[in-house]
Amino acid sequence: MSDRPSNFIRDMILADNESGKHGGRVHTRFPPEPNGYLHVGHAKSITINFGLAAEFGGMCNLRFDDTNPTKEETEYVDSIIEDVKWLGGDFGGRIFYASDYFGQLFEWAKQLIRDGKAYVCDLTPEQVRQTRGTLTEPGQNSPYRDRGVAENLDLFERMKAGEFPDGSKTLRAKIDMASPNLNFRDPVMYRILHAEHHRTGNQWCIYPMYDWAHGQSDSIEGITHSICTLEFEDHRPLYDWYVQQLGIFAPRQIEFDRLNLTYTMMSKRKLLQLVQQKLVAGWDDPRMPTISGMRRRGYTPEGLRNFALNLGVSKTNGITEFEKLEFHIREDLNRTARRAMAVLRPLKLIIDNYPEGEVEWMDACNYPDNDSDLRQVPFTRELWIEREDFEEVPPKGYFRLYPGNEVRLRWGFFVKCTGVDKDELGQVTAIHCTYDPLSRGGNSPDGRKVKSTIHWVSANHALPAEVRLYDKLFTREDPNDAPEGQDFTANLNPNSLQVVQAWIEPALAAASAGDRFQFERLAYFCVDKDSTPSRPVFNRTVELRDSWGKTQKKT
RNA sequence: UGGGAGAUCGUCUAACGGUAGGACAGCAGAUUCUGACUCUGCUUAUCGGGGUUCGAAUCCCUGUCUCCCAGCCA
């Protein structure tokens, strides 16, 4: 079995298997509504549903819950398929649609009418609301509740035939207007919607509601364990009721806690708002918590999966720290990303005793602790180094470059700072150094140590690149915690994207969209789809841990 | 104030009447040609009050707090 800690859902399945409930069969499903792009919360659901199926030798159905044509689009269907594949969800090319069951659902609805358990109601949406009662008061029966079977059947067929305008009639289940569970107060099964469906076109003008469609779809597909989030807990009795009235195969609905992440907006509706108001550059903006955004940002499927696996599954309402996600992304990137050197905020470094015009190609490791996978980087008299790797007056504990101090240039030589050039404003414009020719490759034969190694690129060979430095999209742990009268957009981080012109080592010219690197000592980066050979573009995926930066912040 | 659900380190999660463990975060140190990685150590938790029991996070009673439900959304 798995080395992962168990969870209550796995325990339930184990118990079912032991009692022989489904003959040991385990069949789950992942049922997104194609009304937006998948986000990291869905990644958790995908991991659970496909993971459980795989673990128990069963299957998991990718099924589109496409019962509301007014909100659903083919673009979303396509993106969801791509994202599930990318995450490694094995749906074996089998794709299901609730809309494929519209015919069956219609027949079953007539069965309930014939059994006197459903009726056509002429109440307006407003009247339905008024007669539903409240949390503490029972509702009132609809005046149409006791229509005869024949009349109901006739009306329902005519609803389907398009004889009535939107909102004028519904088919309702006849249950109990006084039930303390609001879902039992004669729930709507069908509404009239003269809208074009992305798959069925104009074939239908009545569409099933979620409660009426979902359980029956599960049943048709032989789903054994229908795993959903906590807010559907109240719907389970209704889910069971429909299946029971119909006398069809009964899957079991199990609810778990949805993923909440600090600094992250997980509402599809609000994500849509960000896209529509152009507050971000689309669903796949690297700052978006969508799977496609994270992919573009450079997150790996493995990192996301490990994150989801380590979340655990429970029924507790909680909020996971964003740092946990970053940990798993870094962990995967650390072992998979090639290393390279790039300078984001350049400062010129001149090695006064290095021969003018000379170029030495230095061996550099592409991966840590691996001397056999090398690339060559050109070393010359003038280099770019990171601005923050030099301090004229070093703070306590600083052991990078400062006047009189010696450091190692990664894969290069030891250099000692001898002075600085300044402009008329007193700003440092260049650093002067001398190098130790005997320290070629990065080690001194006399065994002397330096406390710091810094990265660099040859000024003559460096390629310009656009680097997009992404930060959190929101400034607050809870983006919804907005000031009075404002919405979550008030918490948007104005510095969530910073573009810098960087210098990158020449070997990076060969990189193509989607390639991931660690720019040593800085962060992990991913080549953006906007990248061209003449104008490379890199997205910052996640920063390296920075204990020096942390101690700096404290003082 | 109806119904449903849930409360364990700062955060997430384990325990299934028998030593409250892990991960992330944090702190301290070791190591290091990345102030990265890795390694070591440390801090920190059973919502409150009663019971039952040799023994309770776990069972019972009671209180408190949090979340969800009044779409012809899912």
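Residue numbers start from 1 in every chain, and the chains themselves are labelled A, B, ... in the order their sequence lines are given, proteins ahead of strands.
Note on A:R269: nothing from the nucleic acid sits closer than 4.0 angstrom, heavy atoms only. A:G412 comes within 4.0 angstrom of nothing in the nucleic acid, heavy atoms only. No engagement by A:D211 is indicated, since no non-hydrogen atom pair under 4.0 Å with the nucleic acid exists. Base contact: A:Y398 has a heavy atom under 4.0 Å from a base atom. No engagement by A:R330 is indicated, since no non-hydrogen atom pair under 4.0 Å with the nucleic acid exists. Heavy atoms of A:G442 sit under 4.0 angstrom from at least one base atom. Contacts of A:T316 with the nucleic acid, taken as non-hydrogen atoms under 4.0 Å apart, involve only primed sugar atoms and P, OP1 or OP2. Heavy atoms of A:H214 sit nowhere under 4.0 angstrom from any nucleic acid atom. Within the nucleic acid shown, A:F232 comes within 4.0 Å of at least one base atom, counting heavy atoms only. As judged by a 4.0 angstrom heavy-atom cut-off over every strand, A:D546 is placed among residues touching the sugar-phosphate backbone only. Using a 4.0 Å heavy-atom cutoff across all strands shown, A:L311 reaches sugar-phosphate atoms only and no base atom. If you check every strand for non-hydrogen atoms under 4.0 Å, A:L325 touches nothing. A:E321 comes within 4.0 angstrom of a nucleotide base, judged by non-hydrogen atoms across all strands. Across all strands shown, A:V450 has no heavy atoms under 4.0 Å from either base or sugar-phosphate atoms.
Spacing between atom CD of A:E233 and atom P of B:G4 amounts to 11 Å, rounded to whole angstrom units. Taking atom CZ of residue A:R408 and atom C1' of nucleotide B:G35, one finds them 13 Å apart after rounding to whole Å. In this structure, A:I9 atom CD1 and B:A14 atom C1' are separated by 16 Å, rounded to whole Å. Atom CG of A:L238 is separated from atom P of B:C68 by 21 Å (rounded to the nearest Å). For A:I48 and B:U13, the CD1 to P distance is 11 Å, given to the nearest whole Å.
Taking side-chain N and O atoms only, A:R236 has no distance below 4.0 Å to OP1 or OP2 of B:G4. Residue A:R545 places at least one side-chain N or O under 4.0 Å from the OP1 or OP2 atom of B:G26.
Among the nucleotides B:G3, B:U34, B:C72, the one closest to the side chain of A:D234 is B:G3. The side chain of A:L135 approaches B:G2 more closely than any other nucleotide in the set B:C27, B:C37, B:G2. Among the nucleotides B:A25, B:A74, B:A14, the one closest to any side-chain atom of A:N68 is B:A74. Minimum atom distance to the side chain of A:K324 is reached by B:A23, of the listed B:A23, B:G2, B:U13. You'll find that the side chain of A:W548 is closest to B:G35, out of B:A36, B:G35, B:A74. In the set B:G4, B:A14, B:G71, the nucleotide with an atom closest to the side chain of A:M209 is B:G71. Side chain of A:N317, nearest nucleotide from B:A70, B:C67, B:G35: B:C67. The side chain of A:N334 lies closest to B:C37 when the candidates are B:C37, B:G71, B:A74.
With hydrogens and angles ignored, the 3.5 Å screen pairs a side-chain donor or acceptor of A:N260 with a backbone N or O of A:G318. No donor-acceptor distance shorter than 3.5 angstrom exists from the side chain of A:N405 to the backbone of A:L401, with no hydrogens or angles considered. Looking only at distances, no side-chain donor or acceptor of A:K117 sits under 3.5 Å from a matching main-chain atom of A:A173.
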ask   = For RNA chain B, what is the dot-bracket line, given that a base pair needs Watson-Crick (N1 to N3, plus N6-O4 or O6-N4) or G-U wobble (N1-O2 and O6-N3) geometry with both distances under 3.5 Å, and | means paired with another strand?
value = .((((((..((((....[..)))).(((((.......)))))....(((((..]....))))))))))).....
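Toward the 5′ end of RNA chain B lies the nearest nucleotide of A:Y524, the other residue of the pair A:G133 and A:Y524 mapping further downstream.
For the pair A:R338 and A:Y367, the cation does not sit on the ring face, since its NZ or CZ is not both under 6.0 Å from the ring centre and inside 45° of the axis.
Legend: residues meeting salt bridge (charged side-chain N to carboxylate O under 4.0 Å, His left out) with A:R172, ordered by chain and number and at least two apart, are absent.
B:C16 sits 13 Å from B:A56 when the C1' atoms are compared, rounded to a whole Å. Nucleotides B:U53 and B:U1 place their P atoms 35 Å apart, quoted to the nearest Å.
Using cut-offs of 30° and 60° on the angle between ring planes, the pair A:Y76 and A:W283 is perpendicular. Taking the six-membered ring for Trp and thresholds of 30 and 60 degrees, A:F156 and A:F106 have nearly parallel ring planes, at less than 30 degrees apart.
Base orientation of B:G63: anti, the glycosidic angle falling outside 90° of 0.
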